[in-house]
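Inspection log for the structure reproduced underneath, given as structure tokens.
Scope of the values below: all heavy atoms of this structure, side chains included, with no hydrogens, waters or symmetry mates. In listed order, ligands and their atoms are each counted from 1. Numbers for residues simply follow the sequence, beginning at 1.
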Amino acid sequence: MNPSELLLDEAAEVIPGGVNTCRRRSEPRLCIRRGEGAYIEDLDGRRYVDYHAAYGAILLGHSHPAVVERVSRAMRDTVLFGLGVTEAEVALAQAIVRHVPSVEQVVVCNSGSEATYHAIRLARGITGRQKIVKFQGCYNGFHDYVLRNVLSAPGGVGARDPHSKGMLEAAIDATVVCRFNDLEDVGAALDRHDGEVAAIVVEPIAHNSPGLLPHPGFLPGLRDLCDRTGALLIFDEVITGFRHHIGGYQAIAGVMPDLTTMGKAIANGCPIAAIGGARRHLEHFTTNPAGDVHFGGTYNGNAIGVEAALATIEQLEDGHVHEHVFALGQRMRDGLAAIAERAGIPAVVGGYGSLFVLCFMEGPLNSYEDVLRNDTDLFMRYRRELIARGVLEMPESLGRSHISAAHTEEDIDRSLAIAEDALRAALDALAGRSAAPAASA
Ligand SMILES: Cc1ncc(COP(=O)(O)O)c(C=O)c1O
């Protein structure tokens, strides 16, 4: 057994399954020791060019010096005080308000799930309604309000498909599931639940599915439906916010939600998330003396997340990071499409900006039902062959991949050469042309 496997076995004695989130159990079994820029190194001393990027939290590259420096400096005299507000918290709120077009006020918490939880409760508090609409294939966090119809198996698509045991039945049933890119379906759901829907929660690009782009009329159509029915529109920008634009995807789409949740790339891997929106909505939180929607959290506004977010936003302000990662994303997607064509297999390269995913299926890729055509065996085999060659993309079905500001054109071109080799090996193995499975990295 190698050191990663030994540590995971040791961990399993004291941590159920040996890992701290369900999605960290990977095949091959890996533990990472350190990261720098675009590269990470595992416990066994192997280096990988990293496109996993901690599920997209890393945008600038691992251990970015500006983030490390700012957080370390702050830690000397600030971690957490538990009363009042720090100058850094105010500076961060001002920066978010300055950049994210629909946001007049903002509060911070510590994870994307907390952010969507608070945003939904706020919408319920404001509207006095109970139900929400989410979309099949979107992931909006781990709590009962939204943990249904995520990566559903074919039988669960559009059906009542809770993702976990132990969920509150009433919460599952208060969440109505619609098809992404299908305004008729959303309109019909709002008619069926007339006057009951507090909010529509949507990933403006369904990156968890693993890259469904909104049709041109979809987001404006959701805006209209909300305006007509009195539901609030919540953009879950936990992936898209800051990664695609400093103002979030709303700044690109020109569609303004009522509430926005942000997380991940805002702080380059440090724990912080945010809920923003119009002052008249945010003032309902009990942070305001006249508020009526509870908002609490011991660690809210801790210096690690806040300083990391300030440092990250500073890096994004002149636009060069986005220009760089968008150009590399296009280079990667074009290169992967050419590789699939040369291999003579059906493939769709999804993604946007710095995100990419090579799916093995005929197009189009418009809805979650389309995603089900992906050849999971080939997808997983290809990912294992990539990892064995030192390219880390999420070793899980339909996992998207992320480019950071630390990647270079050379990294992309080298990764593409490896991708071609990995795809050939995966196809050969599945055709029975090679007895040897992918080495475990
Ligand atoms: C769109 C979206 N919303 C919310 C979340 C939940 O964020 P967290 O894992 O920080 O709780 C995620 C996590 O992947 C996400 O992708």
Side-chain angles (χ1 to χ4, degrees), residues 19-25 51-59 100 107-123 132-151 163-164 175 177 180 199-214 219 222 233-245 248-250 253 257 259-276 297 299-300 302 304-305 308-309 312 350-355 357 368 371 393-394 396-402:
V19 291
N20 272 312
T21 94
C22 55
R23 295 176 73 189
R24 289 187 193 170
R25 253 195 338 266
Y51 298 105
H52 185 309
Y55 290 99
I58 305 295
L59 173 58
V100 184
V107 285
V108 295
C109 52
N110 303 289
S111 71
S113 298
E114 284 179 57
T116 57
Y117 180 91
H118 287 302
I120 289 167
R121 185 196 271 161
L122 180 60
I132 59 165
V133 168
K134 84 170 279 278
F135 291 90
Q136 174 66 59
C138 284
Y139 178 70
N140 305 104
F142 57 61
H143 51 84
D144 289 5
Y145 298 167
V146 285
L147 194 64
R148 63 170 289 185
N149 296 81
V150 186
L151 289 179
H163 192 65
S164 174
T175 300
V177 175
F180 194 83
I200 297 178
V201 187
V202 65
E203 289 183 73
I205 298 177
H207 282 303
N208 283 296
S209 254
L212 303 177
L213 298 178
L219 298 175
L222 293 182
L233 182 58
I234 303 175
F235 274 6
D236 180 355
E237 296 231 40
V238 166
I239 293 178
T240 53
F242 300 92
R243 177 165 280 281
H244 294 332
H245 192 284
Y249 189 69
Q250 59 195 258
L259 300 173
T260 302
T261 54
M262 299 155 264
K264 293 198 195 271
I266 188 176
N268 206 48
C270 292
I272 189 168
I275 306 112
Y299 300 107
N300 291 0
N302 71 80
I304 299 170
T312 304
Y352 176 84
S354 56
L355 268 61
V357 57
Y368 185 76
V371 171
E393 296 191 25
M394 286 181 201
E396 59 188 76
S397 180
L398 296 176
R400 62 190 179 275
S401 298
H402 314 80

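- Side-chain atoms of His402 come within 3.5 Å of backbone N or O of His52 as a donor-acceptor pair.
- For the residue pair Leu219 and Tyr249, the shortest heavy atom distance occurs at CD1-CE2, 3.8 Å.
- Close approach of ligand 1 to Val238 (heavy-atom distance below 4.0 Å) involves ligand atoms 2 (C), 3 (N), 4 (C), 5 (C), 12 (C), 15 (C).
- Contact annotation: Tyr55 has no heavy atom less than 4.0 Å from any atom of ligand 1.
- Atom 14 (O) of ligand 1 has as its closest protein heavy atom Lys264 NZ, 2.9 Å.
- Judged purely by atom type and a 3.5 angstrom limit, Lys134 uses its side chain to pair as donor or acceptor with the backbone of Asn149.
- Distances below 4.0 Å separate heavy atoms of Glu203 from the following atoms of ligand 1: 1 (C).
- In this structure, the separation between OG on Ser113 and OH on Tyr145 is 13.0 Å, given to the nearest 0.5 Å.
- Close N/O approach between Ser113 and ligand 1 is found [any backbone or side-chain N/O within under 3.5 Å].
- Under the 4.5 Å side-chain criterion, counting only non-hydrogen atoms from C-beta, His143 is in contact with Ile120.
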ring-ring contact (aromatic ring centres under 6.0 Å, His included) between Phe180 and Tyr368, worked out: CA-CA 7 Å; Phe180 194 83; Tyr368 185 76; over 10 Å; no
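- For the residue pair His207/Thr240, the side-chain donor-acceptor check at 3.5 Å is not satisfied.
- Interface of Asp236 with ligand 1, defined as ligand atoms under 4.0 Å from a residue heavy atom, comprises 1 (C), 2 (C), 3 (N), 4 (C).
- Considering backbone and side-chain N/O of Gly112, one or more are found under 3.5 Å from N/O of ligand 1.
- Put simply, the side chain of Glu203 never gets that close to the backbone of Glu237: no donor and acceptor are under 3.5 Å apart.
- Using a non-hydrogen distance threshold of 4.0 Å, Gly141 registers as a contact of ligand 1.
- In terms of polar-atom proximity, Asn140 is not counted as a contact of ligand 1, lacking any N or O under 3.5 Å from an N or O of the ligand.
- Heavy-atom proximity to Ile239, at under 4.0 Å, picks out these atoms of ligand 1: 16 (O).
- Atom NE2 of His163 sits in a sparse spot, with 12 or fewer heavy atoms from other residues, nucleotides or ligands closer than 6.0 Å.
- Within ligand 1, the atoms closer than 4.0 Å to a non-hydrogen atom of Ser111 are 10 (O), 11 (O), numbered from 1 in the order shown.
- The distance criterion of under 3.5 Å between nitrogen or oxygen atoms is not met by Glu114 with respect to ligand 1.
- When only interatomic distances are considered, the shortest N/O to N/O separation between Asn208 and ligand 1 falls below 3.5 Å.
- Shown in contact with Tyr139 at under 4.0 Å from a heavy atom are these atoms of ligand 1, numbered in order with element: 1 (C), 2 (C), 3 (N), 5 (C), 6 (C), 12 (C), 13 (C), 14 (O), 15 (C).
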